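All remarks here apply to the structure that follows.
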Number of protein chains: 2
Amino acid sequence: MSTPERLIEATRELLWERGYVGTSPKAIQQQAGAGQGSMYHHFAGKPDLALAAIRRTAEEMRATAEGVLGGPGSPYERVEAYLRRERDVLRGCPIGRLTMDPDVVASEELRAPVDETLDWLRERLAGIVEEGQERGEFAPSLDGEEIAATIVATVQGGYVLARASGSTAAFDAGVRGLLSLLAVNSPARTDA
Amino acid sequence: MSTPERLIEATRELLWERGYVGTSPKAIQQQAGAGQGSMYHHFAGKPDLALAAIRRTAEEMRATAEGVLGGPGSPYERVEAYLRRERDVLRGCPIGRLTMDPDVVASEELRAPVDETLDWLRERLAGIVEEGQERGEFAPSLDGEEIAATIVATVQGGYVLARASGSTAAFDAGVRGLLSLLAVNSPARTDA
DNA sequence: GTCTATACACCGATAGAC
DNA sequence: GTCTATCGGTGTATAGAC
């Protein structure tokens with residue numbers, strides 16, 4: 001792997017683990033096995049490198065989500081697959097966690113990929129919910145965009161609960177709770 | 001206000017705004033209008049001061065929540081009042097945000113008040129949901145603890161969505177979505 | 001491209017005078 | 001209780017040799 005590549009990967013790891021404020025150039029260099037001069041040769045500085053790292057993580061997250069949401073199954077099944085997909089729950093969301101970073105939120109550039117990713121996810125889910133409504137899988141009274149926001153928020157908040165307790169149980173409970181609410185709204189479903 | 005008092009309040013503000021990693025003793029002293037020696041006279045160091053600040057914020061959050069959850073109204077109405085209560089959405093949750101702080105999560109002592117507060121909130125909500133089930137306000141098939149986790153997660157995740165977009169709209173959408181799901185699941189309610 | 005050297009402020013804390 | 005002085009280490013670079 002090339003040096004710029006290693007630097008970006010190291011930054012992705014550290015941003016996930018410690019956030020932007022908690023990640024130093026020095027730590028990045030050590031994790032990447034690159035020298036000081038090397039890092040500043042390839043990137044303008046910490047924000048520049050962080051931007052590259054965040055963009056890549058955002059793309060990856062989107063691709064992972066699309067892999068499930070664009071997969072087979074009914075709308076409800078795809079939402080369920082998304083909610084139940086394997087996650088490193090205790091590590092949290094590498095994109096969502098950045099919203100708690102004051103320096104990221106303060107920077108138009110750094111916040112943009114975070115915003116776009118979560119926004120894309122909500123719209124993608126909203127479309128699926130609406131599709132489900134047409135098929136009679138979800139109550140027609142529901143608002144697709146609102147339910148989509150609830151779904152994404154439940155996942156993001158689930159990470160918070162899990163990390164607070166040091167256990168994945170609360171995340172799983174929140175997801176099951178949401179699925180049970182969605183299921184009862186499915187006129188077509190009887191296993192609720 | 002006494003000096004220790006001012007130091008605690010300053011720390012609370014900074015922890016909320018910038019997190020534990022992003023908050024330095026120097027910044028605390030400036031915000032509190034206290035000198036270096038003064039801070040270290042009253043507190044053993046940054047972790048000690050942070051612990052005092054976190055405990056107070058946790059107590060306050062619990063009291064605020066209880067004010068709504070222990071108020072008048074049916075279980076559904078109290079849950080709704082909790083979800084719709086006024087919040088400084090773009091600032092996020094002063095307790096929940098700490099779960100994204102690696103140094104807080106790594107410390108048993110600092111994490112404890114965070115965990116206890118969110119845990120208390122979930123149990124409080126679970127009881128209310130179960131009460132609502134007895135009254136026929138929520139479907140009996142639902143699990144109180146799971147729904148409680150979903151409610152808290154929706155709020156915590158709502159902050160993430162709001163901060164990502166720089167707008168409270170996504171938070172509100174998530175809350176409305178959850179309320180609509182809860183309402184549709186109320187056998188006794190017809191306004192869904 | 002990568003290395004070492006240098007810079008200057010800040011971090012988190014301690015020491016000791018007042 | 002509060003102040004100033006001091007400390008070793010880190011944060012975030014820049015400079016310039018190789």
Side-chain angles (χ1 to χ4, degrees), chain A residues 1-56 97-98 100-111, chain B residues 1-56 97-98 100-111:
Chain A
M1 199 158 50
S2 71
T3 298
E5 215 39 47
R6 288 205 318 278
L7 284 165
I8 291 178
E9 288 305 312
T11 305
R12 297 213 305 146
E13 286 299 311
L14 287 165
L15 283 182
W16 194 357
E17 187 85 9
R18 307 202 34 91
Y20 183 85
V21 169
T23 296
S24 70
K26 187 179 197 173
I28 293 171
Q29 293 149 25
Q30 286 174 343
Q31 172 113 0
Q36 195 101 335
S38 196
M39 176 187 137
Y40 283 101
H41 173 73
H42 294 290
F43 297 93
K46 179 177 163 177
D48 185 36
L49 186 41
L51 182 56
I54 293 173
R55 281 188 174 147
R56 179 170 301 180
R97 72 118 41 245
L98 296 172
M100 295 303 139
D101 236 302
D103 291 7
V104 171
V105 172
S107 157
E108 279 291 307
E109 265 203 306
L110 294 180
R111 189 172 58 80
Chain B
M1 199 158 48
S2 71
T3 298
E5 215 38 48
R6 288 202 320 277
L7 284 164
I8 291 178
E9 288 304 312
T11 305
R12 297 213 305 147
E13 286 299 312
L14 287 165
L15 284 182
W16 194 357
E17 186 85 8
R18 307 203 33 92
Y20 183 85
V21 169
T23 296
S24 70
K26 186 178 198 174
I28 293 170
Q29 292 149 26
Q30 286 174 343
Q31 172 114 1
Q36 194 103 334
S38 196
M39 177 187 135
Y40 283 102
H41 172 74
H42 294 290
F43 297 93
K46 179 176 163 179
D48 185 36
L49 184 42
L51 182 57
I54 293 173
R55 282 188 174 146
R56 180 171 300 179
R97 72 115 44 245
L98 297 172
M100 295 302 139
D101 235 303
D103 291 7
V104 170
V105 172
S107 157
E108 278 291 307
E109 264 202 308
L110 293 181
R111 189 172 58 80

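For clarity, every value in this text was computed on a predicted model and none was experimentally measured. Protein chains get the first letters and strands the later ones, always in sequence-line order, with residue 1 at the start of each.
The distance from atom NZ of K26(A) to atom P of dC11(C) is 16 Å, rounded to the nearest whole Å. Residue E5(A) contributes atom CD, which lies 14 Å from atom P of dG1(C) at whole-angstrom precision. Nucleotide dT14(D) holds its P atom 13 Å from the CD atom of Q29(A), rounded to whole Å. To the nearest angstrom, P of dT12(D) lies 12 Å from CG of L14(A). Going from atom CD of Q30(B) over to atom C1' of dC10(C) covers 11 Å, rounded to whole Å. Put simply, NE2 on H42(B) is 17 Å from C1' on dA13(C), counting in whole angstrom units. With rounding to whole Å, D48(B) atom CG is found 14 Å from dG12(C) atom C1'. Following rounding to the nearest Å, F43(A) (CZ) and dT12(D) (P) show an atom-to-atom distance of 17 Å.
For K46(B), the side-chain atoms get nearest to dA13(C) when compared with the rest of dT4(C), dC10(C), dA13(C). Nearest to the side chain of Y40(A), among dT2(C), dT12(D), dT2(D), sits dT12(D). Taking only side-chain atoms of T3(A), from C-beta outward, the nucleotide of dA5(C), dA13(C), dT2(C) with the closest atom is dT2(C). The side chain of Q36(B) approaches dA13(C) more closely than any other nucleotide in the set dG1(D), dT2(C), dA13(C). If you check dG1(C), dG11(D), dG1(D) against the side chain of H41(A), the one that comes closest is dG1(C). Comparing dA13(C), dT2(C), dC11(C) against the side chain of P47(B) picks out dA13(C) as the nearest.
Taking 4.0 Å as the cut-off between side-chain N and carboxylate O, E9(B) and R6(B) do not count as a salt-bridged pair. By the 4.0 Å N-to-carboxylate-O rule, E5(A) lies close enough to R56(A) to be salt-bridged with it.
Side chains of D103(B) and R18(A) form a contact here, defined as non-hydrogen atoms less than 4.5 Å apart. Using a 4.5 Å cut-off on side-chain heavy atoms (C-beta onward), Y40(B) and P25(B) make contact.
Using a 4.0 Å cut-off, some side-chain N or O of S24(B) falls inside it from OP1 or OP2 of dC11(C).
R97(A) places a side-chain N or O within donor-acceptor distance of the main-chain N or O of M100(B), the cut-off being under 3.5 Å.
Backbone-only engagement by G35(B) is indicated by non-hydrogen atom pairs under 4.0 Å involving sugar-phosphate atoms exclusively. Across all strands, T23(A) comes closer than 4.0 Å only to sugar-phosphate atoms, never to a base (heavy-atom distances).
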